[in-house]
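Note that the numbering runs from 1 along the sequence shown for the chain. Both counts, for ligands and for their atoms, begin at 1 and track the order of listing. Computed from a prediction, not measured in an experiment: that's the story for all the values here.
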Amino acid sequence: MKITMIGAGYVGLVSGVCFSDFGHEVICVEKDRNKLAQLQAGEVPIYEPGLKSLMTRNIAEGRLTFSDDLETAMDGSDAVFIAVGTPSRRGDGFADLTYVYDTAREIGQKLKTPTVVVTKSTVPVGTNREVQRIIAACNPATEFAVASNPEFLREGSAIEDFMRPNRVVVGVEDPQAETVLRQIYRPLSLRETPLLVTGLETAEIIKYAANAFLATKITFINEIADLCEKTGGDVQQVAKGIGLDARIGGKFLHAGPGYGGSCFPKDTQALVQTGQQHGAPQRIVETVVAVNAARKSAMTEKIIAACGGDVAGKRIAVLGVTFKPNTDDMRDAPSLVILPELMAAGAEITATDPEAGAEAVQLLPGVDWAKDAYAAAEGADALVIITEWNTFRGLDLPRIAGLLKSPVFIDLRNIYPVDEVQDAGLIHTGIGKGGAG
Ligand code: UGA
């Protein structure tokens, strides 16, 4: 199959690279000149484990190229994927579809050979019909069909998620287009991955329902954690106790500082807006959005309480600022709320993170940066783990206790057993650990 992937951002690049690894011929079209130059030089603009080697191999084997020439790229393509951004629109939280519709217009103007236009960007229900309408209005002469193919990749494990997904969802009405998509995903069907074929609207809703459900699961366990703290329960055991019920499942039941990232915050908000727009309010998701927003500030209060009720003039070591491990993504990271609030309360912050780079420095003015956890801990009045990077999972706790000025250890991801922390002479504060701090 010959595939054009429009947009070499997170989703487009991972999908393009993985499709080329399936054996397809892929051209990724990227308008941003800097990003294009990087990609053409074989560099990966984002941090994603495994992506670089896969990209290098497929470039070398001649299946993967990068270009800014959409017209040439689309010529003879079996499928043209739209993988451009759909950020939250400022002010109202609707998904901003400007890039998707601009792309549809450009496809319509430049399409010369019949193809299937597949939307991979996360788009609200109804968008694919509009894409169809826009292309048809621009280019009535060339045959095309539209399909929706949402992605379920997690940052940090995107390659694995693409290569071994739980399912592939394809919203499509044209039988010929369905055949093309089945052909594209054939390597996965050989691994018996279910390929669910639905209508356009259903596929669009599946994407939002999946993310909203997962965000709800996290928010649910976060509130149960609060109850555990008030009553002497242990949320990790509660999560295990309910998660072993196959109807519930144990995944996405890790209580923490609230979900962040480029997807859950944006998609839950967009679903709320779509529900209101169509007279089908999504009240559970509305509550999830509000509870999650409040949770980040609640974490600041937790830290202040663990520091004796006052952080003025105190120095706090922060381990991890990205929204989750194995990414350099800072979007909606809990740290972006917690750190400024601590500084507003008079604290000094020394943070460390294995991947957060210039963007984090810019987003968190006033923060001092240390090279590792031990350097951050030296002379600090408290240590807080916000992101559960592997490198923070195996800390030498007695050494940390020796470096800290006072032994306050706050683990917002519950990665350390309480007794291990206490045995090192540290005072433990976790999430939903009612019996122990
Ligand atoms: C999420 C979904 O998991 C993917 O399936 C989806 O494709 C993607 O959004 C998207 O729409 O593009 P991602 O945002 O990369 O992926 O990361 P997750 O691993 O889902 O984590 C999201 C947030 O939830 C993080 O802040 C994480 O710390 C938090 N989380 C996750 C918890 O607090 N507890 C958990 O048990 C799991």
Side-chain angles (χ1 to χ4, degrees), residues 7 9-15 18 46-49 83-88 95 119-124 149-162 164-169 204 206-225 235-236 238-240 242-243 248-271 288-289 291-293 295-296 298-299 320-338 385-389 392 411-415 430-432:
Y10 197 84
V11 170
L13 185 57
V14 170
S15 306
C18 290
I46 49 171
Y47 175 77
E48 179 61 39
V84 296
T86 53
S88 260
T119 309
K120 236 191 195 312
S121 306
T122 298
V123 293
N149 176 217
E151 56 79 22
F152 304 99
L153 310 175
R154 284 164 305 169
E155 291 189 20
S157 44
I159 305 293
E160 176 70 12
D161 286 351
F162 198 98
R164 298 181 193 282
N166 296 147
R167 80 306 203 184
V168 172
V169 173
E204 290 167 334
I206 286 172
K207 169 67 192 183
Y208 281 92
N211 273 0
F213 192 85
L214 293 170
T216 303
K217 216 173 164 188
I218 297 166
T219 308
F220 174 83
I221 202 68
N222 283 343
E223 286 202 314
I224 294 290
V235 74
Q236 282 179 296
V238 173
K240 193 163 192 187
I242 62 173
I248 296 173
K251 296 199 172 136
F252 277 66
L253 282 180
H254 298 288
Y259 62 76
S262 60
C263 306
F264 288 172
K266 156 174 97 68
D267 295 349
T268 45
Q269 272 188 25
L271 183 60
V288 166
V289 170
V291 171
N292 191 65
R295 185 156 188 88
K296 295 175 184 171
M299 293 300 109
V321 296
T322 52
F323 86 94
K324 63 183 259 187
N326 295 327
T327 177
D328 55 1
D329 201 331
M330 290 294 295
R331 283 176 282 183
D332 272 300
S335 66
L336 294 178
V337 173
I338 299 170
I385 299 171
I386 299 188
T387 315
E388 70 279 30
W389 284 92
F392 304 142
D411 178 3
L412 298 184
R413 296 287 182 172
N414 285 341
I415 53 179
I431 298 283

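Closest to atom 6 (C) of ligand 1 among all protein heavy atoms lies Leu153 O, 3.2 Å. Closest to atom 1 (C) of ligand 1 among all protein heavy atoms lies Phe264 CE2, 3.5 Å. Among all protein heavy atoms, the one lying closest to atom 3 (O) of ligand 1 is Arg154 CG, 3.2 Å. When hydrogens are left out, the protein atom nearest atom 35 (C) of ligand 1 is His254 O, 3.7 Å; that is the closest non-hydrogen contact. With hydrogens left out, the protein atom closest to atom 26 (O) of ligand 1 is Gly260 N, 2.9 Å, a heavy atom. Here the heavy atom of the protein found nearest to atom 5 (O) of ligand 1 is Phe152 O, 3.1 Å. With respect to atom 33 (O) of ligand 1, the closest heavy atom belonging to the protein is Ile218 CG2, 3.5 Å. The protein heavy-atom contact nearest to atom 12 (O) of ligand 1 is Cys263 SG, 2.7 Å.
In this structure a side-chain-to-backbone donor-acceptor pair under 3.5 Å is present from Asn292 to Tyr259. In this structure, the side chain of Lys296 does not engage the main chain of Pro257 through any donor-acceptor pair within 3.5 Å. Between the side chain of Thr387 and the backbone N or O of Thr322, at least one donor-acceptor pair lies under 3.5 Å. Looking only at distances, a side-chain donor or acceptor of Gln236 sits under 3.5 Å from a matching main-chain atom of Asn414. A side-chain donor-acceptor contact under 3.5 Å links Arg413 to the backbone of Ile386.
Checking only distances, Glu151 does come within under 3.5 Å of ligand 1, N or O to N or O. The N/O atoms of Asn211, backbone and side chain alike, include one that comes under 3.5 Å of an N/O atom in ligand 1. The distance criterion of under 3.5 Å between nitrogen or oxygen atoms is met by Arg413 with respect to ligand 1.
No heavy atom of Lys251 sits closer than 4.0 Å to any atom of ligand 1. Ligand 1 is approached by Leu253 to a heavy-atom distance shorter than 4.0 Å. At a 4.0 Å cut-off, not a single heavy atom of Gly256 sits close enough to ligand 1 to count as contact.
The aromatic rings of Tyr47 and Trp389 sit tilted, their planes meeting at an angle between 30° and 60°.
Using a cutoff of 4.0 Å between basic side-chain nitrogens and carboxylate oxygens, Glu151 and Lys207 are scored as salt-bridged.
For ligand 1, the atoms closer than 4.0 angstrom to any heavy atom of Lys207 are 6 (C), 7 (O), 10 (C), 11 (O), 12 (O).
Other residues, nucleotides and ligands contribute only 12 or fewer heavy atoms inside 6.0 Å of the CZ atom of Phe220.
The side-chain heavy atoms of Met299 and Ile431, taken from C-beta on, include a pair separated by under 4.5 Å.
Between atom 17 (O) of ligand 1 and the options Glu155, Lys266, Arg295, Lys324, the minimum heavy-atom separation is to Lys324.
Relative to the six-membered ring of Phe323, Arg331 misses at least one condition, a distance below 6.0 Å or an angle of at most 45° to the axis.
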